[in-house]
2 protein chains.
Amino acid sequence: MTGGARVRRRTRKERPARQAQILETAARIFCEKGFDRASMGDVSTALGLTKAGVYHHIRSKEELLYAIMAYGMDLFEEKVLTQVSGIEDPLERLRATLRGHVLLVTRDRPKEITVILHESNALKGRFRERINARKRRYVRFLEKTFRELARGGLARKVDPAVASFAMLGMINWIYQWYRPGGRLSEEQLADALADLLLQGVLKGPAEA
Amino acid sequence: MTGGARVRRRTRKERPARQAQILETAARIFCEKGFDRASMGDVSTALGLTKAGVYHHIRSKEELLYAIMAYGMDLFEEKVLTQVSGIEDPLERLRATLRGHVLLVTRDRPKEITVILHESNALKGRFRERINARKRRYVRFLEKTFRELARGGLARKVDPAVASFAMLGMINWIYQWYRPGGRLSEEQLADALADLLLQGVLKGPAEA
């Protein structure tokens, strides 16, 4: 189970093209068939490789699942978290985070992130712990932002954990109902969710 | 695939004890192992029945999954939807729905509802369509409630679909992070989520 480190230490850009291709193909197959049903044979066939060819790059189906999820977390951190974590103003930071996260799951829709959402229970042991540690880092970032909003006098008395997980729930549920190309654009959806989280459903006392 | 009708027509109370026991046991096994990995042999062993004994009640593993989900929807409709749908005031109705739904998934935690959340992709064809129709009925009920709030002048301009699915996302994500017996009671969680959905994170112009 220590083989994952080999994958983990490389960033997305350094990773050889062949390995990126394996992860993308395997992520697509895991999305279509589910992790339990998909076999290493399915993955090697789709890649036009022998099974031995795939095992040259990845030691086990379990490690492949971990590598896909780690790649999904790389994508999320590179495209969302790194872009927003330097924003000084907590309100602007929160809006940019929600917007970036929503656009990532609606416009870019990387299969690696769908695998993170669908197969979170399939990953076990140390691999699971590593992915969970990266998820927790994001939750702590959100909680810190909600706390800063409260300290700045902008936020009502909301529990930072409840607010963070409510936000994650809103976003992670999107793939269950939202269809790109429909009535709402990805941008409109991101704005509508940011507005809902920040202002709520009801009119304030001054607007009623 | 028409066998499901036999199960569906019976309400929870009319259903014979043996069938209820099969559904509860199978739901527990599907939660532990996942639908794909669990076998009818696992279910019959846990029940102390022969496989033929289980097949006397349920025609296939697929039908068993459907029967569990239909039972989960029965529970939800009996314990939440039926209790709140007669409430005249849309604000009170929305609060009661959110509260009832949160308490169902945190305090009662029926395994049948966990199966609905985890295995929504495992159900196919007509069985899937029937469960989806019941889910859509709930979404329409929520959308109607948000529309009534807007007509009554209480709600801000929120998209009823976005608000409904944001609420469902918040609730359906709870099992990923909330641990009963921790810092927040089930009641406190329900109130915090209702407050967040209704008032949002930010202070209104009159409170700032």
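Side chains included, hydrogens not; waters and symmetry mates left out as well; all remaining heavy atoms used. The sequence lines fix the lettering, A, B, ..., with proteins before strands; numbering per chain opens at 1.
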Bottom line for Y178(A): the part with an atom under 4.5 Å from chain B's heavy atoms is neither
Comparing V158(A), L154(A), L91(A), L189(A) against chain B, the one with the most heavy-atom pairs below 4.5 Å turns out to be L154(A)
So does [X] pair up with [Y], basic N to acidic O under 4.0 Å?
X	Y	value
R28(B)	E32(B)	yes
D195(A)	R156(B)	yes
R136(B)	E129(B)	yes
K33(A)	D36(B)	no

Applying a strict 4.5 Å limit to non-hydrogen atoms, the region of Q188(B) in contact with chain A is neither
Bottom line for L149(B): the part with an atom under 4.5 Å from chain A's heavy atoms is side chain
Most heavy-atom pairs under 4.5 Å with chain A, out of N172(B), L193(B), L184(B), belong to N172(B)
task: Spell out, as yes or no, whether a donor-acceptor pair under 3.5 Å connects the side chain of D159(B) to the backbone of A161(B).
output: yes
